[in-house]
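Below you'll find the structure, written out as C-alpha cells, and then a few comments.
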There are 2 protein chains.
Amino acid sequence: MEKKKAVSIAVVRRLPRYYRYLEELLRNNITKISSKELSDRMGLTASQIRQDFNCFGGFGQQGYGYNVELLYSEISEILGISTVKDAIIIGVGNLGRALANNRDFFMHGFRLVGAFDVNMDIVGRTVGGQTVRHSDELEKFLEENHVDMAILSVPPTVVRSMVDRLTACGIKAFWNFSNVDIRIEGVMFENVHLVDSLMTLHYRMLDKK
Amino acid sequence: MEKKKAVSIAVVRRLPRYYRYLEELLRNNITKISSKELSDRMGLTASQIRQDFNCFGGFGQQGYGYNVELLYSEISEILGISTVKDAIIIGVGNLGRALANNRDFFMHGFRLVGAFDVNMDIVGRTVGGQTVRHSDELEKFLEENHVDMAILSVPPTVVRSMVDRLTACGIKAFWNFSNVDIRIEGVMFENVHLVDSLMTLHYRMLDKK
DNA sequence: TAGATTGTTAATCGATTAACAATC
DNA sequence: TAGATTGTTAATCGATTAACAATC
C-alpha cells in the first residue's frame, strides 16, 4: 500500500542536515531557494538534493525552486519531530550527565523520562530534570512506564548485559555511546563511537602529510 | 613513489572497528582468525574484509588465515596509534568536560595539552589534567606551544569565529561537536553531530512501525 | 511567451560481493 | 599431497551525477 522502495540510509542521514540548513534560511528570512543555491551552501550537488527530496514527494515548483517554509515543514514532518518518544539514560557518568543535561538533544522528538546508574554517589542526584534511580529498579520502572528508547553511556564491559535486560523488557531502540557493537534482530542501534571517530581523524591527519 | 590509489573513506572508517575486534581476540587469546570467522563476528562479508586489508598489504597466509597479533600490530601501525598528536579543547561546558576527562579518548594517538573557555567560573579549573585558560589567551598559547588538533565543543554561534582564529594560527584539524558544518580548503573536520544522530534514530524508529 | 528550475530517466562512478587461481 | 584460505580480478549492486523533457 505505502510501498515505494525504502529510502536508503545515505539519504536518511542527510535529512537532519537539510533540516539544519533550512532552519538557518528561515532565520535569515529567505523564503525561496533553488536546488543549485542550496547545493552551493551545503557542498552537495543540486542533482543529489533534488533526488533526495523526491524520495518523499515533489516539494518544489518548476521554474521557481523550493519554498523554504514549506520544505522545512515537510522535512520536519518526515523526521517526525512532533512525535515525541520517551527515552531513558543508562549510565550517568561524565558523558551521560552531559547528554542528559543538554536540552538540545531533547528538543528533537525525544524527552527524557528516567535516568539510571549503579553508583550510589550518583543515585538520587538530578540530571536533565530526572532523579537518578539505581539500575536495580530498571525492570520495575519499565513495567510501570512507557519507554521507547534507551541511551547507553555505560562502560563497555556491562553494555551487553544491560542491553539484554532492556530488550527483555521490550526496548527496541538504543542510542549507543559505549563503543561496543551489538546486533540484535529487530532492535535498532544508533552507534556513536567516539573513539572510532577520533582514531579516524588521527589516521587522516597522518595521511595528509 | 608511494602512490597506490588513495584508500576510500569507507575503508578508513572500518579500521578502528577492526582494531577493536582484534583487540578483543587478543584478550581472549585467539591467535589465528580467517576472514570468514571475522566476518561472522563483525557482521561483514569475508570478501570485504580481505579487500580492506589488501588496501594496505597482504597480512594473511593462504590456507591459514591471519595471525591475530600480527594483524593487530599492522592495523595499529596503519592507524598510527603510536604517533602522538597534541590536542586542545575549546569549550569546557558539560560535554567538553566529559570529553576532556575521558582518558579513553586520549589513549589513541592524542594527548590533551590545553583547555580553553570564556566562562570565568570555569577558567582556572582543571579538566583532563589541564588548567582551563581563558580563550583570550588562545593566540599567545598557540604561538608558544605545538598543537595539531582542536576539539570544538562550543555553542554553534561562536564556532565559525573560533575556527577562523584557530586556522589563522595554523590549526588544520578539528574534532567538531558543535553541530555546525564548516568547510575550509586544506582543513580537516571530523564532525560528531549528536543532534543529527539522534534525529536519524528518531526517523528510523517511526519508519519501523 | 521565454526563462528558469524542477522531477525523473539515463549514465557514470565507486563500493561491495562473488569467483577463482595462487599458494601455504 | 589435499584442503583451506588468501590475494586479486571480474561481476554486481547501489548511490551519485548528468541530462533533459515537463512545466511553472
Side-chain angles (χ1 to χ4, degrees), chain A residues 3-18 21-22 25 30-75 78 183 200 203-204, chain B residues 3-18 21-22 25 30-75 78 183 200 203-204:
Chain A
K3 192 88 266 252
K4 43 180 88 211
K5 180 188 296 181
V7 175
S8 84
I9 188 68
V11 175
V12 172
R13 295 213 170 272
R14 279 192 293 270
L15 290 176
R17 218 160 131 231
Y18 289 127
Y21 275 87
L22 290 166
L25 292 174
I30 295 168
T31 56
K32 180 227 124 159
I33 193 143
S34 68
S35 57
K36 176 68 174 64
E37 212 178 326
L38 189 57
S39 74
D40 288 340
R41 285 173 182 258
M42 296 185 66
L44 304 173
T45 64
S47 201
Q48 179 165 63
I49 289 175
R50 293 202 299 279
Q51 287 277 23
D52 283 356
F53 291 167
N54 281 86
C55 292
F56 304 98
F59 304 141
Q61 196 168 325
Q62 279 105 325
Y64 173 81
Y66 297 88
N67 175 300
V68 175
E69 200 168 337
L70 176 78
L71 187 56
Y72 177 75
S73 84
E74 288 286 1
I75 291 189
I78 292 163
R183 286 180 304 283
T200 302
Y203 171 85
R204 292 195 291 149
Chain B
K3 192 88 266 256
K4 44 180 89 214
K5 180 187 294 178
V7 175
S8 84
I9 188 68
V11 175
V12 172
R13 294 212 173 274
R14 279 192 293 270
L15 290 176
R17 219 160 130 232
Y18 289 127
Y21 275 86
L22 289 167
L25 292 175
I30 294 169
T31 56
K32 181 227 122 158
I33 193 142
S34 68
S35 57
K36 177 68 174 64
E37 213 179 325
L38 189 56
S39 75
D40 287 341
R41 285 173 182 259
M42 296 185 67
L44 304 172
T45 63
S47 201
Q48 180 165 62
I49 288 175
R50 293 203 297 279
Q51 287 277 23
D52 283 355
F53 291 167
N54 281 87
C55 292
F56 304 98
F59 304 140
Q61 197 169 325
Q62 279 106 325
Y64 173 81
Y66 298 87
N67 175 299
V68 175
E69 199 167 337
L70 176 78
L71 187 56
Y72 178 75
S73 85
E74 288 286 0
I75 291 189
I78 292 163
R183 286 180 304 284
T200 302
Y203 172 84
R204 293 195 292 148

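In what follows, every chain begins at residue 1, and chains take the letters A, B, ... in the order their sequences are listed. Quick caveat: nothing in here was measured; it's all calculated off a predicted structure.
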Just call it for A:T45: base, sugar-phosphate, or nothing, with non-hydrogen atoms closer than 4.0 Å on any strand.
-> sugar-phosphate

Watson-Crick/G-U partner (both atom distances under 3.5 Å) of D:dC13 | C:dG14

dist B:R41:CZ -> B:I33:CD1 (nearest 0.5 Å) comes out at 5.0 Å

Please list, in 5' to 3' order, the outermost nucleotides of DNA chain C lying under 4.0 Å from any heavy atom of chain A.
-> C:dA4 to C:dA10

In residues 61-69 of chain A, which ones come under 4.0 Å of DNA chain C, going by heavy atoms?
-> A:Q61, A:Q62, A:G63, A:Y64, A:G65, A:Y66

Side chain proximity check, A:L22 to A:L71, heavy atoms < 4.5 angstrom | yes

Could you tell me whether the side chain of A:I78 reaches within less than 4.5 Å of the side chain of A:L15, counting heavy atoms only?
-> yes

When you match B:Q51 and B:K36 each to their closest nucleotide on DNA chain D, which lands nearer the 5' end?
-> B:K36

Check every strand shown and say whether A:S47 touches a base, only sugar-phosphate, or nothing at a heavy-atom separation below 4.0 Å.
-> base

Could you check A:F53, A:Y21, A:F59 and say which one makes a ring pair (Phe, Tyr, Trp, His ring centres under 6.0 Å) with A:Y66?
-> A:F53

Should we count NZ of A:K36 as having more than 12 external heavy atoms under 6.0 Å?
-> no

Within a strict 4.5 Å, meaning less than it, do heavy atoms of the A:R14 and A:I49 side chains meet?
-> no

Under 3.5 Å, is there a donor-acceptor pair between the side chain of B:R17 and the main chain of B:M42?
-> yes

Taking side chain as C-beta onward, heavy atoms only, is B:S39 less than 4.5 Å from B:T45?
-> no

The Watson-Crick or G-U wobble partner of D:dA21, with both key distances under 3.5 Å, is C:dT6

